[in-house]
Amino acid sequence: MGKASTSSTTKDALALFNSLRSAYSATPTTLKIIDLYVGFAVFTALIQVVYMALVGSFPFNSFLSGVLSCTGTAVLAVCLRIQVNKENKEFKDLPPERAFADFVLCNLVLHLVIMNFLG
């Protein structure tokens with residue numbers, strides 16, 4: 001019974017992976033670029049956390065600023081992705097240029113706060 005359920009689980013996982021891959025292939029290129037940017041920001045935050053765990057957190061303000069900068073940027077990029085997505089009916093009247101301008105302005109404010117936190 002264990003072998004059959006493992007085979008069934010593997011088939012279900014492969015079917016789920018294939019359906020997600022086929023659905024994501026229909027995603028517009030602009031949204032894929034934003035997804036890459038979010039992934040890069042999260043990856044950078046993870047590298048900083050691993051570095052802090054290995055080396056230490058002597059200038060804790062710097063560590064906190066770096067991680068919060070990456071996390072905040074990722075959150076703002078997800079908001080941009082939601083606003084730019086054509087399938088989202090909530091923001092259908094919002095032009096993509098306005099969404100990008102909001103993203104840039106919020107990033108500017110975020111990084112000004114982070115620089116102020118550094119001292």
Side-chain angles (χ1 to χ4, degrees):
M1 176 157 172
K3 186 97 168 161
S5 82
T6 304
S7 175
S8 173
T9 305
T10 304
K11 285 181 184 177
D12 290 343
L14 284 175
L16 177 65
F17 178 73
N18 288 333
S19 68
L20 286 175
R21 187 174 56 181
S22 65
Y24 193 71
S25 67
T27 304
T29 306
T30 55
L31 296 181
K32 288 180 182 179
I33 292 171
I34 295 173
D35 291 341
L36 280 173
Y37 182 70
V38 170
F40 175 74
V42 170
F43 180 69
T44 304
L46 289 175
I47 285 180
Q48 290 178 9
V49 169
V50 168
Y51 179 80
M52 190 241 3
L54 293 175
V55 176
S57 66
F58 165 58
F60 192 66
N61 287 7
S62 299
F63 163 71
L64 213 54
S65 295
V67 170
L68 291 177
S69 173
C70 292
T71 307
T73 301
V75 168
L76 290 174
V78 168
C79 293
L80 174 67
R81 188 190 194 285
I82 290 171
Q83 292 177 357
V84 172
N85 191 357
K86 298 288 184 203
E87 294 178 10
N88 192 352
K89 302 300 180 206
E90 247 179 85
F91 298 103
K92 65 180 177 182
D93 296 332
L94 185 72
E97 294 83 11
R98 166 73 192 272
F100 186 71
D102 290 346
F103 171 74
V104 169
L105 181 67
C106 289
N107 256 316
L108 182 66
V109 170
L110 170 72
H111 286 92
L112 285 174
V113 169
I114 297 241
M115 292 300 260
N116 187 31
F117 181 71
L118 278 173

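Scanning all heavy atoms of the two residues, the minimum distance from Pro96 to Lys86 falls at CG-NZ, 4.0 Å. Residues Ala74 and Val38 approach most closely at O-CG2, 4.0 Å, considering heavy atoms.
No single ILVMFWY cluster, assembled from side-chain heavy atoms under 4.5 Å apart, contains both Phe100 and Ile33. Both Val104 and Val84 are part of a single hydrophobic cluster, where members link through side-chain heavy atoms under 4.5 Å apart.
Judged by distance alone, the side chain of Asn88 and the main-chain N or O of Ile82 form a donor-acceptor pair under 3.5 Å. No donor-acceptor pair under 3.5 Å is formed between the side chain of Thr71 and the backbone N or O of Leu68.
In Phe40, the CZ atom is not crowded: 12 or fewer heavy atoms of neighbouring residues, nucleotides or ligands sit closer than 6.0 Å.
The CZ atom of Phe117 lies 9.0 Å from the OG atom of Ser62; values are rounded to the nearest 0.5 Å. The structure places CG of Leu16 at 8.5 Å from CG of Asp12, a figure rounded to the nearest 0.5 Å. Interatomic distance, CD1 of Ile114 versus CG of Asn61, reported as 11.0 Å (0.5 Å rounding). Separating the CG atom in Leu36 from the CG atom in Leu31 is a distance of 11.5 Å, to the nearest 0.5 Å. Here the straight-line distance linking atom OG1 of Thr73 with atom OH of Tyr37 works out to 5.0 Å at 0.5 Å rounding. Rounding to the nearest 0.5 Å gives a distance of 9.5 Å between CG of Asn107 and CG of Leu80.
Applying the side chain to side chain donor-acceptor pair (under 3.5 Å) definition to pairs two or more places apart or across chains, those involving residues 109-119 are Ser69-His111.
In this structure, the side chains of Phe103 and Gln83 stay at 4.5 Å or more apart for every pair of heavy atoms. Using a 4.5 Å cut-off on side-chain heavy atoms (C-beta onward), Cys70 and Gln48 make contact. Looking at Arg81 and Asp35, their side chains come closer than 4.5 Å, going by heavy atoms from C-beta outward.
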*Decide yes or no on side chain to side chain contact (heavy atoms under 4.5 Å, CB included) for Leu54 and Tyr51, but give the supporting numbers first.*
CA-CA 5 Å; Leu54 293 175; Tyr51 179 80; 6.0 Å; no
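The aromatic ring centres of Phe63 and Phe60 sit less than 6.0 Å apart.
Grouping Ile, Leu, Val, Met, Phe, Trp and Tyr by side-chain contacts under 4.5 Å, direct or through others, puts Phe43 with Ile47.
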